Protein chains: 2
Amino acid sequence: MTSMSGPEDWAASPVDAVDPRARPTMKNVAALAGVGVKTVSRVINGEPNVSPATVARVRAAAESLDFHPDLHAGNLRRADGRSSTLGLLVGSVGNPFSGAMHRAIEDLASARGVAVFASSLDDDPDREEVAVSAFLRRRVDGLILTTVSKSQGYLLPELRRGTPLVFVDREPAGVQADVVVSDNAAGAAAATRHLLSYGHRRIAFLGDRTDIQTAQERRRGFLEELGRAGVATADIPVITGLHDEDAANRALIALLESEHPPTAVFSSQNLITIGAVRGLRERGAHHTVALVGFDDVPLADLLEPGVTVVAQNPYEIGRLAAARIFARLDGDRSAGRTYVVPTELITRGSGEMRPK
Amino acid sequence: MTSMSGPEDWAASPVDAVDPRARPTMKNVAALAGVGVKTVSRVINGEPNVSPATVARVRAAAESLDFHPDLHAGNLRRADGRSSTLGLLVGSVGNPFSGAMHRAIEDLASARGVAVFASSLDDDPDREEVAVSAFLRRRVDGLILTTVSKSQGYLLPELRRGTPLVFVDREPAGVQADVVVSDNAAGAAAATRHLLSYGHRRIAFLGDRTDIQTAQERRRGFLEELGRAGVATADIPVITGLHDEDAANRALIALLESEHPPTAVFSSQNLITIGAVRGLRERGAHHTVALVGFDDVPLADLLEPGVTVVAQNPYEIGRLAAARIFARLDGDRSAGRTYVVPTELITRGSGEMRPK
DNA sequence: TCCGGTCCTGACATCGATGTCACAGTTTGG
DNA sequence: CCAAACTGTGACATCGATGTCAGGACCGGA
């Protein structure tokens, strides 16, 4: 009769009914293997002191049920309570700079079986706290963040609890923690020095929104270098608040059409550089006005002229950040430090033109 | 004496000691607010029937302890058991195509309070099952994946359990589920037709590894279009197995140096297109040999000549995939369907040269 | 005044796993 | 040969939350 039993009979059968829509638990595996749940737990986690025969039976049962243990249920009771999960907050996951950082972090993380949550902020401070809270509710083991809000003081309690925190790309305010940044001021100074060395004195600065910390740093590096070179900065065109390609494009064209157009341009962010390249081309000035950009741009070497840039190293920034997180998870209790990743001037042509 | 009590006194105080290193639970909040845990739960989850005064007390207590509820502990008991988490498997999070898809998915997800895990596979089949298992252990509500393994049959039990599954960019084998892909064959055919219309007959094909499903489709589209045009495909150079810029570069140079160099090239993937552009330039052939690429390339319009491409729409692919996941989570039980996202031919110069 | 219905609240079982501990059987060592 | 140590195993409490349910306070209407 067993093979003929109706559905209600089946559902009431002593062995837990194998409903394909139900997710199997250790209890189900244990029942099928004829052992206790704790033994299943031991087998799944590779703990010692289980006889080979039992291991085999449990493995077979788990396999046949397609059992996947619930990591979070385990963490609830587990001693260290680690979720093997990291949270990453970036400008946008669609942006190549963020992508390279993300990839580096993932490379270190996946080697340790750690999964990575990523969230885009679009430089919107309101989204920052929401995103952090979403990660905290999911009990991430650590947080890597590109800061946009004015102050990160709201993270202090979390930091005190021992959650590793690393700020990348931008320095935090109101928190003492690990920080990994590019050498923004020095890179900007190097770009400026490069243009000065080719004889430029009238160098325009195209900058991002001034509430972004790196944008300030780059402007500072630019102006300080001009100061060191004895160039009066009073009549130097310093344009800020550009946040996309289009704004940069328009700003550059306005500059070219101004009374005293610059002989060189320092564009302090990759989208701004692209907007500037477009502007120069539209006005046919790409072979006369010099350009150096901050942050590398894809295919910059294939343009004519190639675009000279101060390249950042986003992969290295991500790598260092992830390394810091894991060092702290492994017990490092040293004070938070700032790690500076050097930038590199890559000359490709656009920055090596002399003023006409 | 209270204000003078020593640390051990403090630790043993009847009110649970407020250890800043301990993560507060609802129990702690309840104790501080002088209510039961269930009431805290009600307040935190915005359930009705709690007096305004109690709500205020609980909120204040939660705030002062910096309490963040444990989402996963809640899910354990919660009826639907949703983790508000999605898993995404892509080629590489550092790749702009993946980045755009990822961003689209995140945009829909974050509007619903859903967090997104991303993992890179580097087209390595071994990593696929590991990554999927990592997501399953974390109880993601749905899975969006760019497939690399031969068969996705191992996902069948999960699919039967009702976990929404969407395959993006590449069609799965052995599973019937939602699929979102570009129109690879049609796009390749359009590119080929475009080159034919400019009089080319000797068109070389540069392709990716043939175990990648989209690579096969694009080759098929190319060859079928030649067939329709009555061009004998026997002596058409079809080179496959190119998986990076360098390999493409070398292959193209070899073609140019062969006995009968092609008058046009169809490069069927973005890295291959970049390698091809480099090769043409190195041999000074970029103004004589036509080129059309599959998949857009950043700054392609600023090159000289601009690179004509068949552009995919990764954002739309991601958007559709996420929309399907959420539709299924919302109860859609219809059979899995394939959604084809159209490609678009963008003419910029490199594809509009006639054979010399 | 009494009854039934809201409103507010907390005790308790429970979700799926792991930590602790107890216990039986088997070795080991003196 | 027996105590001590080790091996293999499962019962049970527990992690942090939510679902269920029951009970007391308070309301309006008969």
Side-chain angles (χ1 to χ4, degrees), chain A residues 16 19 22-59 61-62 65-85 133 136-141 161, chain B residues 16 19 22-59 61-62 65-85 136-140 161:
Chain A
D16 261 296
D19 176 358
R23 199 180 285 284
T25 68
M26 279 200 179
K27 210 163 105 184
N28 301 323
V29 176
L32 183 59
V35 300
V37 276
K38 181 67 225 210
T39 298
V40 175
S41 168
R42 280 193 264 262
V43 172
I44 297 291
N45 292 79
E47 284 172 40
N49 299 338
V50 183
S51 79
T54 307
V55 170
R57 277 221 314 292
V58 170
R59 286 244 166 82
L65 292 177
D66 191 49
F67 169 72
H68 295 267
D70 185 322
L71 185 71
H72 297 115
N75 281 354
L76 214 48
R77 193 64 169 76
R78 208 187 304 273
D80 61 8
R82 298 262 172 91
S83 62
S84 293
T85 296
S133 177
L136 257 24
R137 270 198 297 274
R138 288 175 174 81
R139 295 294 185 262
V140 295
D141 293 338
R161 262 171 224 136
Chain B
D16 261 295
D19 176 358
R23 199 180 287 283
T25 69
M26 280 200 179
K27 209 163 104 184
N28 302 323
V29 176
L32 183 60
V35 301
V37 277
K38 181 68 227 210
T39 298
V40 175
S41 169
R42 279 194 263 261
V43 173
I44 297 292
N45 292 79
E47 284 171 39
N49 299 337
V50 183
S51 78
T54 307
V55 169
R57 277 221 314 293
V58 171
R59 287 246 164 82
L65 293 178
D66 191 50
F67 170 73
H68 295 266
D70 185 322
L71 185 72
H72 297 114
N75 281 354
L76 214 46
R77 192 65 169 73
R78 209 187 303 272
D80 61 7
R82 299 264 170 91
S83 62
S84 292
T85 297
L136 257 23
R137 272 199 297 273
R138 289 175 174 81
R139 295 295 184 261
V140 295
R161 264 170 223 137

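Everything numeric here is computed off the predicted structure, so don't read it as measured data. A note on names: the letters A, B, ... follow the listed sequences, proteins ahead of strands, and every chain is numbered from 1.
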When the distance from [atom1] of [X] to [atom2] of [N] is rounded to whole Å, what number comes out?
X	N	atom1	atom2	result
Lys38(B)	dG16(D)	NZ	P	17 Å
Asn49(A)	dT26(C)	CG	P	16 Å
Arg42(A)	dT7(D)	CZ	P	13 Å
Glu47(B)	dT9(C)	CD	P	13 Å
Arg77(A)	dT14(D)	CZ	P	8 Å
Leu76(A)	dT14(D)	CG	P	14 Å
Asp70(B)	dT18(D)	CG	P	10 Å
Arg139(A)	dA17(C)	CZ	P	20 Å

### Message
Please classify the nucleic acid contact of Pro69(B) as base, sugar-phosphate, or nothing, using heavy-atom distances under 4.0 Å.
### Response
sugar-phosphate

### Task
Could you tell me whether Val35(A) contacts a base, only the sugar-phosphate backbone, or nothing, with contacts defined as non-hydrogen atoms closer than 4.0 Å?
sugar-phosphate

### Query
Considering only dT9(D), dC8(C), dC15(C), which nucleotide approaches the side chain of Thr54(A) most closely?
dT9(D)

### Message
Of the listed nucleotides (dT9(C), dG19(D), dG8(D)), which one gets closest to any side-chain atom of Arg78(B)?
### Response
dG19(D)

Distance check: side-chain N/O of [X] vs OP1/OP2 of [N], anything under 4.0 Å?
X	N	value
Ser41(A)	dA17(C)	no
Asn45(B)	dT18(D)	yes
Thr25(B)	dC15(D)	no
Thr39(A)	dG8(D)	no

#### Entry: Test item: Arg138(B) side-chain N/O and Ser84(A) main-chain N/O as donor-acceptor pair under 3.5 Å
yes

### Message
Treating Arg42(B) as the side-chain partner and Glu47(B) as the backbone partner, does any N or O pair qualify as donor plus acceptor under 3.5 Å?
### Response
no

### Query
For the base of dG16(D), is there a side-chain donor-acceptor partner from Lys27(B) under 3.5 Å away?
no

### Query
For Val35(A), which of Val29(A), Thr54(A), Val50(A), Val43(A) qualifies under side-chain contact (heavy atoms from CB on, under 4.5 Å)?
Thr54(A)

## Note on the structure
So CZ of Arg137(A) and NE2 of His72(B): to nearest 0.5 Å the spacing works out to 11.0 Å

### First of Pro48(B) and Met26(A) reached from the 5' end of DNA chain C, by closest nucleotide
Pro48(B)

### Task
Between Val40(B) and Phe67(A), name the one whose nearest nucleotide on DNA chain C is closer to the 5' end.
Val40(B)

#### Entry: Pair Arg23(B)-Asp70(B), salt bridge (charged side-chain N to carboxylate O under 4.0 Å, His left out): steps then yes or no
CA-CA 10 Å; Arg23(B) 199 180 287 283; Asp70(B) 185 322; over 6 Å; no

